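One structure is given here, and the rest of the page talks about it.
Keep in mind that this is a model prediction, so the values were computed, not measured. These numbers come from the heavy atoms of this one structure, side chains and all, not from hydrogens, waters or symmetry mates.
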Amino acid sequence: MHRIIINKELCTGCKSCVLACMLKHSENSNMYTLNLNDIDNDSRGHIELDKDNKPVPIICRHCDEPECVLTCMSGAMVKDEKTGIVSYDEKKCGSCYMCIMSCPYGGLKVDDKTKQVVLKCDLCINEENPKCVANCPTGALELQKGESLC
């Protein structure tokens, strides 16, 4: 089972994880020319402030019993039992947003462009390490492979 572990005490809110995710999921290959205002360049995760005004990374937890999968009526959300990765199939999605509403962690969101596609972490499936983890300068994000956590 794979998932990103968040140590919010180490997060400084620098948004390196957000930028790395934006770059990974854009057609741009250069951070210096990445258009941050282009709604096509949306991150799968984000940073929010907690009740004490401290930054907290919000990323899909790839839960053992994901509410998003349980509430998805179209079968667009699926959990791979071998890897533990919860994936999304845009072609099957009915845009009901039950997955977004049911996620207890706020790890899913609707895209800004069409308002019909759900954006969620895919753990950079074709990479050895997710880009957010690889680019976190403080170690607040860590990829864990192994036992279940949520």
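Pro66 is not listed as a side-chain neighbour of Met77, based on a closest heavy-atom distance of 4.5 Å or more. Leu19 is not listed as a side-chain neighbour of Asn135, based on a closest heavy-atom distance of 4.5 Å or more. Between Ser43 and Met22, some side-chain heavy-atom pair lies under the 4.5 Å cut-off. Contact of the Ile100 side chain with the Val118 side chain is registered, since non-hydrogen atoms from C-beta on lie closer than 4.5 Å. Here the side chains of Asp112 and Leu119 are not in contact, with every heavy-atom distance at 4.5 Å or above. The shortest side-chain heavy-atom distance between Ser16 and Thr138 does not fall under the 4.5 Å cut-off.
With Tyr105 contributing its side chain and Arg61 its backbone, the two residues share no donor-acceptor pair below 3.5 Å. The backbone N or O of His62 lies less than 3.5 Å from no partner atom in the side chain of Lys120, so there is not a single donor-acceptor pair. Distance alone, capped at 3.5 Å, is enough to place a donor-acceptor pair between the Asn41 side chain and the Asn35 backbone. Remark: the backbone N or O of Val117 is paired with a side-chain donor or acceptor of Asp111 at under 3.5 angstrom. Under the 3.5 Å distance criterion, the side-chain polar atoms of Asp38 are matched with a main-chain donor or acceptor of Asp40.
Asn28 and Thr33 are linked by a side-chain donor-acceptor pair at a separation below 3.5 angstrom, with hydrogens and angles left out of the test.
Under a 4.0 Å N-O distance rule, the pair Asp122/Lys24 does not qualify as a salt bridge.
Residue Cys132 comes nearest to Cys17 through the heavy atom pair CB-CB, 3.6 Å, listed as atom of the first residue, atom of the second, then distance. Contact record, Leu143 with Pro130: CD2-CD, 3.7 Å, taken as the closest heavy-atom pair. Taking all atoms of both residues into account, the shortest heavy-atom contact from Cys11 to Ile47 is SG-CD1, 4.3 Å. Among all heavy-atom pairs drawn from Leu10 and Gly139, the shortest one is CD1-O, 3.7 Å.
For Leu70, the side-chain contact (heavy atoms from CB on, under 4.5 Å) partners two or more places apart in sequence, or in a different chain, are Glu67. In this structure, Asn7 has no side chain to side chain donor-acceptor pair (under 3.5 Å) partners at least two apart in sequence or on a different chain.
Note that the CZ atom of Arg3 and the SG atom of Cys121 stand 11.5 Å from one another [nearest 0.5 Å]. Atom CE of residue Met73 and atom NZ of residue Lys92 lie 15.0 Å apart, to the nearest 0.5 angstrom. Atoms NZ and CD1, from Lys8 and Ile58 in turn, are 9.0 Å apart once rounded to the nearest 0.5 Å. To the nearest 0.5 Å, atoms CD (Glu81) and OG1 (Thr83) are separated by 9.0 Å. Residue Glu65 holds its CD atom at 9.0 Å from NZ of Lys79, rounded to the nearest 0.5 Å. With values rounded to the nearest 0.5 angstrom, Ile6 atom CD1 is found 12.0 Å from Gln144 atom CD.
No path of Ile, Leu, Val, Met, Phe, Trp and Tyr side chains, each step under 4.5 Å between heavy atoms, connects Ile85 with Tyr88, placing them in separate hydrophobic clusters. Ile39 and Leu36 are members of different hydrophobic clusters when ILVMFWY side chains are connected at heavy-atom separations under 4.5 Å. In terms of hydrophobic clustering, with Ile, Leu, Val, Met, Phe, Trp and Tyr side chains grouped at heavy-atom distances under 4.5 Å, Val56 and Ile59 are assigned to different clusters. Under the 4.5 Å side-chain heavy-atom criterion for Ile, Leu, Val, Met, Phe, Trp and Tyr, Val18 and Met31 are members of the same hydrophobic cluster. Linking Ile, Leu, Val, Met, Phe, Trp and Tyr whenever their side-chain heavy atoms come within less than 4.5 Å leaves Val86 and Leu123 in two separate clusters.
No more than 12 heavy-atom neighbours from other residues, nucleotides or ligands sit within 6.0 angstrom of NZ on Lys131.
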Legend entry - Derivation and outcome, side-chain contact (heavy atoms from CB on, under 4.5 Å), residues Val78 and Asp89: CA-CA 8 Å; Val78 179; Asp89 185 344; over 6 Å; no
